[in-house]
Amino acid sequence: RRITRAIDLQSKRLVKATGLTAPQLVVIDTLHKGGEMSPSAIARKVSLSQATITSILDRLTQAGLVERIRSDKDKRVVLARLTAKGEAASEKSPELLQAGFMRSFRQLQPWEQNMLIASLQRIAELMDAEDLDASPFLDTGEIAR
């Protein structure tokens, strides 16, 4: 419950501080770090389906944070890139919960990392959840929430 509550509270803080959901911020951060990218490349990078990424990009485009452009190399390919407004949003957005978690996790000893991973995998098995999609985000709602 505490883990679920921490995720929920962080998600609400992100929306309140930025007006953006965690998945939207992850896409913005990915574009900020990687530059122009195709929706399929973004999807691979953030472990979400291409359909979900397309939906997120639609909302970010409507908000003026992202624009879609044709590739110079292949005109059939459409790329997403941040607008100036999107770059500003990326610069001022707070750290995502998983970034802080990963930084702390990497500081653990290898044996402790392995123990935690094994324990969580076992919990997933006990909950019959080992075959569920492990995408890091479930919510792709409207940007104005």
Side-chain angles (χ1 to χ4, degrees), residues 1-69 71 73 77-145:
R1 286 187 199 161
R2 288 171 38 195
I3 292 169
T4 302
R5 181 78 175 133
I7 292 167
D8 185 50
L9 288 173
Q10 176 65 5
S11 179
K12 288 178 182 174
R13 276 191 290 256
L14 288 173
V15 171
K16 186 175 181 180
T18 66
L20 301 168
T21 64
Q24 292 165 343
L25 285 169
V26 167
V27 169
I28 286 174
D29 185 58
T30 301
L31 288 170
H32 178 75
K33 290 176 181 171
E36 298 174 354
M37 298 175 80
S38 68
S40 59
I42 297 168
R44 282 190 303 276
K45 189 90 170 157
V46 301
S47 301
L48 290 172
S49 72
Q50 187 167 344
T52 299
I53 293 300
T54 298
S55 176
I56 292 170
L57 289 173
D58 287 345
R59 288 182 179 92
L60 294 174
T61 300
Q62 289 171 350
L65 298 169
V66 169
E67 62 185 351
R68 290 182 167 111
I69 56 168
S71 169
K73 297 175 185 171
V77 176
V78 176
L79 303 173
R81 73 175 171 201
L82 291 179
T83 62
K85 185 177 175 182
E87 287 288 347
S90 176
E91 295 293 333
K92 68 178 183 178
S93 67
E95 181 178 67
L96 297 171
L97 181 63
Q98 58 268 32
F101 171 82
M102 287 307 297
R103 189 174 36 261
S104 296
F105 182 79
R106 287 184 189 113
Q107 292 176 354
L108 297 175
Q109 294 295 317
W111 67 267
E112 195 170 11
Q113 291 178 10
N114 290 332
M115 182 182 69
L116 289 170
I117 291 168
S119 296
L120 290 172
Q121 287 172 336
R122 183 67 175 136
I123 289 169
E125 289 170 13
L126 293 171
M127 296 175 69
D128 293 326
E130 64 269 11
D131 293 328
L132 293 178
D133 181 13
S135 296
F137 309 108
L138 302 174
D139 185 13
T140 59
E142 292 187 39
I143 197 167
R145 285 194 289 161

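Everything numeric in this text was worked out from a predicted model, so none of it was measured.
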**OP:** Please test L60 against I28 for side chain to side chain contact (heavy atoms under 4.5 Å, CB included), starting from the C-alpha separation and ending with a verdict.
**Re:** CA-CA 9 Å; L60 294 174; I28 286 174; 3.9 Å; yes
With rounding to the nearest 0.5 Å, note down the distance linking [atom1] in [X] to [atom2] in [Y].
{"X": "S71", "Y": "L79", "atom1": "OG", "atom2": "CG", "value": "5.0 Å"}
{"X": "L65", "Y": "L57", "atom1": "CG", "atom2": "CG", "value": "11.0 Å"}
{"X": "T18", "Y": "L25", "atom1": "OG1", "atom2": "CG", "value": "4.5 Å"}
{"X": "K16", "Y": "L9", "atom1": "NZ", "atom2": "CG", "value": "11.5 Å"}
{"X": "E67", "Y": "I69", "atom1": "CD", "atom2": "CD1", "value": "6.5 Å"}
{"X": "K45", "Y": "I53", "atom1": "NZ", "atom2": "CD1", "value": "12.5 Å"}

Original post:
Under the salt bridge (Lys or Arg N to Asp or Glu O under 4.0 Å) test, which residues partner R13, sequence neighbours left out?
Top reply: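 Result, salt bridge (Lys or Arg N to Asp or Glu O under 4.0 Å) vs R13: none returned.
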Subject >> Test side chain to side chain contact (heavy atoms under 4.5 Å, CB included) applied to L48 and I56, step by step >> reply: CA-CA 11 Å; L48 290 172; I56 292 170; 4.2 Å; yes
**OP:** Indicate yes or no for a side-chain donor-acceptor contact from S90 to the backbone of G86 under 3.5 Å, with no hydrogens or angles considered.
**Re:**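 It does not hold such a pair.
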side-chain hydrogen bond (donor to acceptor under 3.5 Å, both in side chains) with [X]: which residues, sequence neighbours excluded?
{"X": "R44", "result": "none"}
{"X": "K12", "result": "D8"}
{"X": "E87", "result": "H32"}
{"X": "E112", "result": "none"}

Original post:
After noting the C-alpha distance and the side-chain angles of S49 and T52, does the key distance pass the side-chain hydrogen bond (donor to acceptor under 3.5 Å, both in side chains) rule?
Top reply: CA-CA 5 Å; S49 72; T52 299; 2.8 Å; yes
**OP:** Check whether any side-chain heavy atom of V66 sits under 4.5 Å from a side-chain heavy atom of L82, and report yes or no.
**Re:**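 In contact.
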Original post:
Can you check whether L20 reaches V15 side chain to side chain, under 4.5 Å on heavy atoms?
Top reply: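 The answer is no; the side chains never approach within 4.5 Å.
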**OP:** Write out all pairs satisfying salt bridge (Lys or Arg N to Asp or Glu O under 4.0 Å) with one or both partners inside residues 18-40, taking only residues at least two apart or from two chains.
**Re:**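 Qualifying pairs: D29-K33, E36-R81.
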**OP:** May I have the step-by-step check of side chain to side chain contact (heavy atoms under 4.5 Å, CB included) for L31 and I42, ending in yes or no?
**Re:** CA-CA 8 Å; L31 288 170; I42 297 168; 3.7 Å; yes
Subject >> Step-by-step side chain to side chain contact (heavy atoms under 4.5 Å, CB included) determination, I117 to F105 >> reply: CA-CA 11 Å; I117 291 168; F105 182 79; 3.9 Å; yes
**OP:** Please report the closest heavy-atom contact between Q50 and P39, naming both atoms and the distance.
**Re:**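 In terms of heavy atoms, the two residues are closest at NE2-CB, 4.1 Å.
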Subject >> Between T21 and Q24, a side-chain donor and acceptor under 3.5 Å >> reply: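 There is such a pair between these side chains.
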